[in-house]
Structure formats: structure tokens, C-alpha cells
Amino acid sequence: MSEIFDNVTSYVNKVSGIMKLSPFEKELIHTPNRVIQVSFPLEMDDNSKRVITAYRVQFNNARGPYKGGIRFHHHVNMGEVKALAFWMAIKCAVVDIPFGGGKGGVVINPKELSHGEIERISRGFMRAMHQFLGPDVDIPAPDVYTTSQVMDWMRDEYEKITKTSSPAVITGKSLKNGGSLVRDVSTALGGAMVLRELMAEKKLTMKDASVAVQGFGNAGQNMAKILDSWGCKVVAVSDSKGGIYNKAGLDIGAVIREKEKGTVTTFDAESISNEYLLELDVDVLVPAALADVITGKNASGIKAKVVLELANGPTSPEADRILSKAGVIILPDVLANAGGVTVSYFEWKQNKLGKSWSEEKITEELDKTMKSAFKSVSSMAMTHDTDFRTAAYILAIGRILEAEKSKGSEP
Ligand code: NAD
């Protein structure tokens, strides 16, 4: 069992105590419906052959088809995929969209592979997995190191195998191939909307709120851009090579141009480490890169008033306890980064209806969804006198168990 799935167990134990779940209900919530491991051959550009291993975990589909990304990473393992699939089930229930939770992973290092090799892996994955997937069964999407191009190849392979037209089998596709407007910025935009709701509830202003963002990829870069345009002062950002800091606020447009050349670290500003960035005295800290970066070791050094979790699982349970005790407000991943899957749902819906929605309509629908999810989580936190993460889990687990009950899953 991986450490990251231990984090899931720890949160489920805490919440099942509060909700007074029966041992059966707790096990139902904590056990994946199906765990799939496949392997398939890959022909490399030099004509040599390799065997590729891939995983898909279908955690729970009581509320609708399984939904979740596919990650290409050399360190991906079954425990991690299981934890991420569980979080997808919770996330979809928090924002109340009719999907369950799933996740996939392929054990490869995409940085070492050619464009052609990545295409053959994408198609190989679909050939090995297609019988478990489908527009009303399990709908994958992009995740770390998988792009809209990868989704386009996978859709094409699925349609060739099934001899169907099935745009809704996968989301995060390119715009010309059934993708949706706003999908590329949706995770960050949804997170920014949740932050805006929190600030309004606490009677705080976004204007000049200082922000540090760890990770400058899709999620982190768009978050820095959006918060900068909403009047916040983004004082620090980082990527895998390190971070940069300017107390007066960074010129985010210029930092993005610098990142396009390789890394943010060559930008003209004070250099800082990724560890130091986490401990800056800012109003809002946004972990937007890796899991488990705020741990028992560094939690007491965190000075931010609000932690907005765009990454999945950036805070360990021990750190969560330390931060909550210190009065730091955590906007948990299962709420803060749910904008991505919400717009994936809109893409799936557009594909099913054979329609394309405008940017205005999607943004408006996303806003409604995130506002309503924040309100539900906040009012659950008030009812149970608890933090937002615990409240989000109570809300989601309650909704999943209700769906299980209506299916007759109770003994
Ligand atoms: P990405 O691959 O586009 O970007 C990741 C960024 O993190 C890069 O800038 C990279 O340089 C940086 N990074 C890598 N190692 C680092 C380190 N040690 N310290 C600091 N930065 C480091 O990925 P993404 O899509 O932006 O995803 C980031 C996180 O957000 C992941 O945890 C992902 O699961 C989560 N997330 C993303 C989405 C989405 O729609 N993109 C949705 C939900 C959750």
C-alpha cells in the first residue's frame, strides 16, 4: 500500500468517526470497485521493443460513470492511482456532477520518448483498456504529462476499435476534435472562484492580497495569471528548477514569456528555493505542482493565511492537523481544483448533445457550480464545527452513500 493511499485512509477514518458510518459503509467508501493492470508491447523508433505497464482504477460509480485523468510518469504506481481515483469520486460529489471516480497511469518517462513513441503508447493504452471504457462507463481525461493530442489519439483508437463515433469517450480533447472552450484554464479558474467566495465570506479583499504559487505548469501558471488580473499581488512563483520572489509583485506576463524559454528561474528577480516559497509570509499560498509538499516537517513554518490546494494531495494529514490548529484556512484539493472536472463534464455534455457552448456560457456555469460547492462545504463546516477538508469529505461521502443506498447496496 502506498503512503499516498495511507493519506486517504487517514481522512476516511476521521470522517467516518464524525459521520458515525457503519463498518460496511466505511469499507464501501474506501474500497475501489475495480483495479485494472495491463501491459502491451511498444515498438521504439530504433525498432527495439519494450513492454509498457498501465493502470486504471475505477473507484466508485454510484453517482455516474467513472471519470478521471490518465497520467504518464515513470514513478506512477497502483497505490497512487488508487488514491487519485478516490479523490476523483469525492471531487465529483463535492461539485455535484453525475460522475464517479477513476484514474489511470502509464509507467513511462515521456521526456525520454519521441512524438511517435508517445502516439503508439496512447493507442496501445486504448487497445489494452477499451473494454473497460466508454462514454457511459468510464471517461478518461488528461493529467500530468498527457495533452489534448494524447486524448485525440485515444479517441481515434477507441472509435476504430468500436466502429462508432464516440466523442464523449474522453475529455480534454483539442478544440477541433470535440474539446471544450475554457477547459485549458478551468482548474485554475475554478480555484480562483473558490478563493473569491472565501474572501467574500471572511470580508477580505482580493485587491493586493499577496500570493505565492508553487508550480508554473497548466494549473499554477493560469492561477498566477487570473489572480494577477483580479488585482492580487503575485509575489513568488516556481517550477522544478526553483523559484523567484519580488515583494512588490511579479510582472506575470513577463514571467510567462520567460517560462516559454525554459524556466522561471532565469527571470530578473530574487532567487528562492521551492521549500522557502512555501514558508513565505503571504496571504495565499497555492501549491500547484506535487503531492505531499506540506508535511509534518515544514507545516509549522507555513505563514500563509490561506492554502489553496490546486495540486492533488499537497498536504499530508499530519500537516493538515498542524495547520488547522494554527488557524490556517485550507481550501482542499477536492474543492479547489474541481473546476477541471466540472468543465470536463460540460465537454462530455456538449459531445452528447452535439452542441458547442460559448465561452460566456461555460464560465457562467462553472461560476454557478463552484459558488454552490463552496457554499455547501462552508455550511457543512459550520454545522460540524470543522475545517473545509473534513466538511467536503462529509458532504461527498454522504452523497455517494445516498446513491449507493438508492441502488440497494445497503445490506
Ligand atoms: P503540469 O505538468 O502542467 O505542471 C507542473 C508544474 O510543476 C511545472 O511547472 C513543473 O516545473 C512544476 N514542478 C515539478 N516538480 C516541481 C517541484 N519539485 N517543485 C516545484 N515545482 C515543480 O501539471 P498541471 O496540470 O499544472 O498539474 C499540477 C498539479 O495540479 C498536479 O498535482 C495535478 O494533479 C493537479 N491538477 C491539475 C489539473 C489540471 O486540469 N491541469 C486538474 C486537477 C488537478
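If you're wondering where the values come from, they're calculated on a predicted model, not measured in any experiment. What you see below is based on every heavy atom in this structure, not just the backbone, and it leaves out hydrogens, waters and symmetry mates. Residues: numbered from 1 along the sequence shown.
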### Query
Can you check side-chain contact (heavy atoms from CB on, under 4.5 Å) on Lys160 and Arg123, steps first, answer last?
CA-CA 10 Å; Lys160 276 187 182 139; Arg123 293 183 183 279; 3.8 Å; yes

### Task
Evaluate the criterion side chain to side chain donor-acceptor pair (under 3.5 Å) for residue pair Thr266 and Lys241; output intermediate values, then yes/no.
CA-CA 10 Å; Thr266 47; Lys241 303 231 164 63; over 6 Å; no

#### Entry: Pair Lys14-Thr390, side chain to side chain donor-acceptor pair (under 3.5 Å): steps then yes or no
CA-CA 8 Å; Lys14 178 177 177 185; Thr390 309; 3.2 Å; yes

### Task
Assess whether salt bridge (Lys or Arg N to Asp or Glu O under 4.0 Å) is satisfied between Arg257 and Glu260, documenting all intermediate values.
CA-CA 5 Å; Arg257 285 193 293 281; Glu260 275 159 14; over 6 Å; no

#### Entry: From CA spacing to verdict: side chain to side chain donor-acceptor pair (under 3.5 Å), Asn246, Glu270
CA-CA 6 Å; Asn246 183 342; Glu270 185 185 333; over 6 Å; no

### Message
The test is side chain to side chain donor-acceptor pair (under 3.5 Å); show your working for Ser148 and Ser174 and say whether it passes.
### Response
CA-CA 5 Å; Ser148 57; Ser174 66; 5.4 Å; no

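Proximity of Leu290 to Val293: side-chain heavy atoms (C-beta onward) are separated by under 4.5 Å at one or more points. In this structure the side chain of Glu159 reaches within 4.5 angstrom of the side chain of Pro167, judged on heavy atoms. Side-chain contact between Leu331 and Phe388 is present, with at least one heavy-atom pair separated by less than 4.5 Å. Between Leu195 and Met206 there is a side-chain heavy-atom pair separated by less than 4.5 Å. Proximity of Tyr393 to Val334: side-chain heavy atoms (C-beta onward) are separated by under 4.5 Å at one or more points. Looking at heavy atoms from C-beta onward, Leu250 lies in side-chain contact with Phe267 at the 4.5 angstrom threshold. Inter-residue side-chain proximity for Val255 and Ile244 is flagged as met; some heavy-atom pair is nearer than 4.5 Å. In this structure, Leu280 and Tyr245 have side chains that are in contact, with non-hydrogen atoms separated by less than 4.5 Å.
A donor-acceptor contact shorter than 3.5 Å is absent between the side chain of Ser378 and the backbone of Lys375. Distance alone, capped at 3.5 Å, is enough to place a donor-acceptor pair between the Thr31 side chain and the Glu27 backbone. Side-chain atoms of Ser114 come within 3.5 Å of backbone atoms of Glu117 as a donor-acceptor pair (strictly under, hydrogens ignored). A donor-acceptor pair under 3.5 Å links the side-chain atoms of His73 to the main chain of His75, judged by distance alone. The main-chain N or O of Leu21 is never found under 3.5 Å from a side-chain atom of Lys26 such that the two would form a donor-acceptor pair. Using a distance-only test at 3.5 Å, with no hydrogens or angles considered, a donor-acceptor pair links the side chain of Lys173 to the main chain of Ile170. Without hydrogens or angle criteria, Asp138 side chain to Pro65 main chain gives no donor-acceptor distance under 3.5 Å. Judged by distance alone, with hydrogens and angles left aside, the side-chain atoms of Asn61 form no donor-acceptor pair with the main-chain N or O of Gly64 at under 3.5 Å. When atom types are taken as modelled, the side chain of Arg399 and the backbone of Ala93 share a donor-acceptor pair closer than 3.5 angstrom. The backbone N or O of Ser22 lies less than 3.5 Å from a partner atom in the side chain of Glu25, making a donor-acceptor pair.
The aromatic rings of His30 and Phe5 lie parallel to each other, with less than 30° between the two planes, well short of the 60° mark.
By the 6.0 Å contact criterion, NZ on Lys225 is open, its count of non-hydrogen atoms from other residues, nucleotides or ligands being 12 or less. Atom NZ of Lys247 sits in a sparse spot, with 12 or fewer heavy atoms from other residues, nucleotides or ligands closer than 6.0 Å. Within 6.0 Å of atom CZ in Phe132, more than 12 heavy atoms from other residues, nucleotides or ligands are found, so the atom counts as buried in its surroundings.
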Acceptor/donor pairs from residues 360-367 side chains to any protein atom, 3.5 angstrom cut, sequence neighbours excluded:
unit_1: Thr363; atom_1: OG1; unit_2: Glu359; atom_2: O; d: 2.7
unit_1: Glu365; atom_1: OE2; unit_2: Lys368; atom_2: NZ; d: 3.4
unit_1: Asp367; atom_1: OD1; unit_2: Arg196; atom_2: NH2; d: 2.7

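Listed by chain and number, the residues in a ring pair (Phe, Tyr, Trp, His ring centres under 6.0 Å) with Phe86 are Phe59 (sequence neighbours excluded). Taking Lys297 as the reference, Thr295 meet the side chain to side chain contact (heavy atoms under 4.5 Å, CB included) condition, with sequence neighbours excluded. Listed by chain and number, the residues in a side-chain hydrogen bond (donor to acceptor under 3.5 Å, both in side chains) with Arg127 are Glu157 (sequence neighbours excluded). Residues passing the ring pair (Phe, Tyr, Trp, His ring centres under 6.0 Å) test with Phe346, sequence neighbours excluded: Trp357.
For residues 316-332, the set of pairs meeting the side-chain hydrogen bond (donor to acceptor under 3.5 Å, both in side chains) definition, not counting sequence neighbours, comprises Asp320-Arg389.
With respect to Lys176 and Asp152, no salt bridge is recorded, no charged nitrogen being found less than 4.0 Å from a carboxylate O. A salt bridge does not link Asp283 with Lys233: none of the charged nitrogens is closer than 4.0 Å to a carboxylate oxygen. Between Asp143 and Arg71, at least one side-chain N (NZ, or NE/NH1/NH2) sits under 4.0 Å from a carboxylate O, which counts as a salt bridge.
Here the CE-SG distance, from Met199 to Cys232, works out to 6.0 Å after rounding to the nearest 0.5 Å. Distance CE/Met126 to CD1/Ile121: 14.5 Å, rounded to 0.5 Å. Atoms OG1 and CG, from Thr187 and Asn222 in turn, are 8.5 Å apart once rounded to the nearest 0.5 Å.
Screening Ile118, Ile70, Val106 for a side chain to side chain contact (heavy atoms under 4.5 Å, CB included) with Val150, the sole residue that qualifies is Ile118.
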